[in-house]
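Following: one structure in structure tokens, then a few remarks.
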There are 4 protein chains.
Amino acid sequence: MKVIADVCIIPIGIGVSVSREVTACERVFWEAGLKTRLHAYGTNVEGEWDEVFAAVKRCHELLHEMGVPRISTSMRFGTRVDRDQTMEEKIRSVEQKLQS
Amino acid sequence: MKVIADVCIIPIGIGVSVSREVTACERVFWEAGLKTRLHAYGTNVEGEWDEVFAAVKRCHELLHEMGVPRISTSMRFGTRVDRDQTMEEKIRSVEQKLQS
Amino acid sequence: MKVIADVCIIPIGIGVSVSREVTACERVFWEAGLKTRLHAYGTNVEGEWDEVFAAVKRCHELLHEMGVPRISTSMRFGTRVDRDQTMEEKIRSVEQKLQS
Amino acid sequence: MKVIADVCIIPIGIGVSVSREVTACERVFWEAGLKTRLHAYGTNVEGEWDEVFAAVKRCHELLHEMGVPRISTSMRFGTRVDRDQTMEEKIRSVEQKLQS
């Protein structure tokens, strides 16, 4: 089952700056071979369900290993069985309508 | 790794009423032996990471088997290594402060 | 326009414990006269759109006044025009199906 | 108070395809003069608090006028008082660390 997801991981208890931890998670998604695209409030991730969620678990484990005491993640994820769809197609479908 | 989560599963493409599908997911969490508590915009779930996410995957699979073509889930989940915490403790800690 | 919402406000940069801030926001919703129900990962809020969002804004303002440097909130909210629905009805509709 | 937000609006009860409605909301953000950037699971929006939330309300009103009976939106939004920050800076701060 393929999933398109959006992940926003918030480290708590390490101060206001969290870009070091966000960067570490971005590397986890890359190393997992997942398609990923960073935006200003999270990261899009696309792949097989088990691989996507294994990477998210690895992010939590890694941040705790890095000394983060508490993590709160908000995530959206979608599956569909009516047809295949990629992240690029989702964006293109809206951009084409915007230009017409 | 223990996780406290909040899950809101939205079936798309089956009309405005989704309570049959929400009920089916609630049963999935129960059958998985997870602590769960329904609220007006989702369900709190507490348990071991792998069990919680296996149940969420089972919800997506089950709803697709029931004929739902597309699903969009929004989920929050938290882990912490500084101390153990249950769903009841999180609520009690706020309720005690509210009463004082 | 009536809205049923679920709000999870995360103060960042003040350490791991956030129950004092969550409590302060709960009071904001009460004082605004909104129907509210705390759960383990946020709070359900029901009311007129403008009143609900004014209260959420007041929460951010209040926490910053209390010294929180950074806040990240995740929120779900739903509106419908096909019929009226309350938080209690949403929960009851699932609980009835669970028992049958 | 400035806010950086991420908005994912899900029309319910109109079938599996929702790109027409997502496009209409994208236009609402543009017409409101807000900085916006579409991604595969929502849209980043940056601006003054009241303008951002007025635009989100306008999206719900517009979709209902277009015939959508039910809408469920998930939104993240952040404010900070320790310093100014733009969407571009948030992304750049992670991308620089990724490249080093």
Side-chain angles (χ1 to χ4, degrees), chain B residues 2-10 15-31 34-47 52 72-100, chain C residues 2-10 15-31 34-47 52 72-100:
Chain B
K2 244 198 56 180
V3 66
I4 294 181
D6 188 59
V7 189
C8 174
I9 296 176
I10 301 180
V16 288
S17 179
V18 299
S19 61
R20 195 177 74 107
E21 288 70 25
V22 171
T23 305
C25 291
E26 205 59 16
R27 286 217 173 88
V28 168
F29 292 123
W30 284 12
E31 284 162 15
L34 295 164
K35 261 208 298 190
T36 173
R37 181 165 170 269
L38 185 71
H39 59 79
Y41 221 123
T43 308
N44 294 166
V45 185
E46 179 183 333
V52 168
S72 187
T73 292
S74 93
M75 192 169 170
R76 303 174 190 130
F77 44 95
T79 56
R80 58 193 304 176
V81 292
D82 55 330
R83 66 180 184 86
D84 274 340
Q85 192 183 36
T86 64
M87 302 197 299
E88 290 76 20
E89 284 164 354
K90 285 187 77 173
I91 293 174
R92 205 179 313 133
S93 142
V94 174
E95 286 182 338
Q96 284 173 343
K97 287 188 177 64
L98 277 173
Q99 283 152 14
S100 66
Chain C
K2 243 198 57 179
V3 65
I4 294 181
D6 188 58
V7 189
C8 174
I9 297 175
I10 301 179
V16 288
S17 178
V18 299
S19 61
R20 195 177 73 107
E21 287 70 26
V22 171
T23 306
C25 293
E26 205 58 17
R27 287 218 174 89
V28 167
F29 291 124
W30 285 10
E31 284 163 14
L34 295 164
K35 262 208 296 189
T36 173
R37 181 166 168 269
L38 186 71
H39 60 79
Y41 222 124
T43 309
N44 295 165
V45 184
E46 178 183 333
V52 168
S72 187
T73 292
S74 94
M75 192 169 169
R76 304 174 189 127
F77 44 93
T79 55
R80 58 192 304 176
V81 291
D82 56 331
R83 66 179 184 87
D84 274 340
Q85 192 182 37
T86 64
M87 302 196 300
E88 290 77 20
E89 283 165 353
K90 285 187 77 174
I91 293 175
R92 205 179 313 132
S93 141
V94 173
E95 286 183 338
Q96 284 174 344
K97 288 188 178 64
L98 276 172
Q99 282 153 13
S100 65

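Each chain gets a letter, A, B and so on, in the order its sequence line appears, and its residues count up from 1. Just so you know, these numbers come straight off a predicted model, no measurement behind them.
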Atom CG in B:L98, atom CH2 in C:W30: separation rounded to 0.5 Å?
4.5 Å
Can you give me every donor-acceptor pair (side chain of residues 16-24 of chain B, partner residue at least two apart or in another chain, under 3.5 Å) with its distance?
from  : atom 1 : to    : atom 2 : distance (Å)
B:S19 : OG     : C:S93 : OG     : 3.3
B:S19 : OG     : C:K97 : NZ     : 2.7
B:T23 : OG1    : B:S19 : O      : 2.6

Considering only heavy atoms, which portion of C:R37 lies under 4.5 Å from any heavy atom of chain B: side chain, backbone, both, or neither?
side chain
Check whether C:R80 gets within reach of chain B through its side chain, its backbone, both or neither, counting any heavy atom under 4.5 Å.
side chain
Select, from [options], the one with the greatest count of heavy-atom pairs under 4.5 Å involving chain B.
options	value
C:R27, C:E88, C:R83, C:E26	C:R27
C:T86, C:D82, C:I4, C:I91	C:I91
C:K90, C:R76, C:E46	C:R76

Any side-chain heavy atom of [X] sitting closer than 4.5 Å to one from [Y]?
X	Y	answer
C:F77	C:V7	no
B:N44	B:H39	yes
C:M75	C:C8	no

Name the option with the most non-hydrogen atom pairs under 4.5 Å to chain C; the candidates are B:Q96, B:E89, B:M87.
B:M87
